[in-house]
There are 2 protein chains.
Amino acid sequence: MQIDGEDRLSIDDVRGRAPKMSDGPLDYGLLNDRTGFAIKLAWILGYSLLQKVFGDSGITPLRASMLELIATNPGAQQTQLANALGLSRPAATLAIDFWEARDCVERRIAPDDRRSFGIFLTAAGHERVTELRALIKQADDALVADLTAEELAELRRLLAKIHR
Amino acid sequence: MQIDGEDRLSIDDVRGRAPKMSDGPLDYGLLNDRTGFAIKLAWILGYSLLQKVFGDSGITPLRASMLELIATNPGAQQTQLANALGLSRPAATLAIDFWEARDCVERRIAPDDRRSFGIFLTAAGHERVTELRALIKQADDALVADLTAEELAELRRLLAKIHR
DNA sequence: TATTGTTATACTCTATAACTATA
DNA sequence: TATAGTTATAGAGTATAACAATA
């Protein structure tokens, strides 16, 4: 699961997972000129980089996001976590089950409302989050490695104009 | 399937489909500062806009991309189409089946190699592609409506530095 | 009667493997 | 023996609906 320091992660490691608009036998036509298609290609590469750093650990981008969210919001309810990640409640249950089975989170019955849980990181969970943050940073850095600091800031600003 | 001229499509119509990093009870922590997460949010919105313009027609972004690709590359083999969209051959078969069932494409046995087909648009397919292109353009325009022309060009340039 | 979370179920998407027919 | 395409099958992921406990 750890990436060796000597072979740095590169976006070139996952280029093959996304089709390339430029060099292929086929012409993408209108798709060539659609921002949505460019975003999709970038997303595939980012997702592939995450899959690569997570390896065969069973961790997925979604599960990692869930753990990060729990770490940042100790005691959050499952419904809140589901909403924050755009998930149904059953899907959130499963993601939390995954981490609970690995002793990384625990469900504590809320003292004021015994229908709901507050979700908290365990000691092992804190360690795991630290590792995961490093891996996520590696993948994200590899994704934008070809951009200067100024370009990256501008890309983030422009993306935020879309999703904010 | 046609969007009425009087109610213009807006990204605000699908905002609810992607979680918002800014206004919610939870803090996204590290995710807040990851380009990959911003790309994912933008991708969800773009995908949702496409779903909205396609309505309940059964057309999906993937199927629309397939038809566009066939229109731009008449006579392409299924394997080429699959590769260009990052699909397995069975998945490409299904997407082409969808359009064939709607009389929009036809498989013509290649005269030189009778194992393979060339895929071609029918007359109905040409009409459908024209409609679809207008819908895709609507969705894409709505996605980037908040950007100036200069900002859009810069966004496309920066995304291309990632996916190219 | 409404809400939190779980379980049961079904659906969509996709891939791998096995098959047919050509080469 | 290899390749193009199809069919069969299975897995992952997700959602909706039904359910239990609590409010």
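A, B, ... follow the sequence lines: proteins, then strands. Residue 1 opens every chain. It should be emphasised that the depicted structure is a prediction, and the values quoted were computed from it without experimental measurement. When reading the values below, keep in mind they use all heavy atoms of this one structure, side chains included, and skip hydrogens, waters and symmetry mates.
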Check your understanding: Using a heavy-atom distance cut-off of less than 4.0 Å, which residues of residues 84-92 of chain A contact DNA chain C?
Key -> A:R89, A:P90
**Study point:** Results of side-chain contact (heavy atoms from CB on, under 4.5 Å) for B:T130 - residues two or more places apart only
**Key:**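 Residues passing side-chain contact (heavy atoms from CB on, under 4.5 Å) with B:T130: none at all.
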Let me know the distance between [atom1] of [X] and [atom2] of [N], rounded to the nearest Å.
X	N	atom1	atom2	value
A:R108	C:dG5	CZ	P	15 Å
B:Y47	D:dG13	OH	C1'	13 Å
B:F98	D:dT6	CZ	P	17 Å
A:L62	D:dT14	CG	C1'	10 Å
B:R107	C:dT22	CZ	P	16 Å
A:Q51	C:dT14	CD	C1'	13 Å
A:F117	C:dT4	CZ	P	13 Å
B:L94	D:dA10	CG	P	17 Å

Pairs of donor and acceptor atoms involving the side chains of residues 89-102 of chain B, under 3.5 Å and at least two apart or interchain, shall be tabulated with distances.
residue, atom, partner, partner atom, Å
B:T93, OG1, B:Q78, NE2, 3.4
B:T93, OG1, B:R89, O, 3.2
B:D97, OD1, B:R107, NH1, 3.0
B:D97, OD1, B:R107, NH2, 2.9
B:W99, NE1, B:R63, O, 2.8
B:E100, OE1, B:R107, NH1, 2.8
B:R102, NH1, B:F98, O, 3.0

Check your understanding: So, is A:Q77 near the phosphate of C:dT3, with a side-chain N or O under 4.0 Å from OP1 or OP2?
Key ->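 It does not, given that no N or O in the side chain of A:Q77 lies less than 4.0 Å from OP1 or OP2 of C:dT3.
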**Study point:** side-chain N/O A:Q80 vs C:dT4 OP1/OP2, d < 4.0 Å
**Key:** no
Point to revise | Backbone of A:S10 reached by a side-chain donor or acceptor of A:D13 within 3.5 Å | key: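 Confirmed, A:D13 side chain pairs with A:S10 backbone.
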Check your understanding: If you look at every strand shown and take non-hydrogen atoms under 4.0 Å, does B:T93 touch a base, only sugar-phosphate, or nothing?
Key ->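 Base, at least one base heavy atom under 4.0 Å.
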Review point. With a non-hydrogen cut-off below 4.0 angstrom, is A:T79 in contact with a base, only sugar-phosphate, or nothing?
Key: sugar-phosphate
Revision key, fill the gap. In 5'-to-3' order, the base (B), backbone-only (S) or no-contact (-) status of each nucleotide in nucleotides 18-23 of chain D, using a 4.0 angstrom heavy-atom cut-off, is ---BBS
Point to revise | NZ/NE/NH1/NH2 to OD/OE distance under 4.0 Å, B:K137 and B:D140 | key: no
Point to revise | Ion pair check, A:R108 and A:E106, cut-off under 4.0 Å | key: yes
Exercise for review: Please examine the side chains of B:F117 and B:I109, heavy atoms only from C-beta on, and report whether any two atoms are closer than 4.5 Å.
Suggested key: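 Of all side-chain heavy-atom pairs linking B:F117 with B:I109, at least one is under 4.5 Å.
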Practice item. Check whether any side-chain heavy atom of A:M66 lies under 4.5 Å from a side-chain heavy atom of A:V105, and answer yes or no. Key: no
Check your understanding: Taking the side chain of B:R63 as its heavy atoms from C-beta onward, which of C:dC13, C:dT4, D:dT14 lies nearest to it?
Key ->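 The answer is C:dC13.
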Review point. Tell me the ring-ring contact (aromatic ring centres under 6.0 Å, His included) pairs involving residues 132-164 of chain B, sequence neighbours left out?
Key: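 Of all non-adjacent pairs touching residues 132-164 of chain B, none passes ring-ring contact (aromatic ring centres under 6.0 Å, His included).
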Pair up each side-chain donor or acceptor in residues 24-49 of chain B with any protein partner under 3.5 Å, not counting sequence neighbours, and list the distances.
residue, atom, partner, partner atom, Å
B:D27, OD1, B:G29, N, 2.8
B:Y28, OH, A:A84, O, 2.4
B:S48, OG, B:I44, O, 2.8

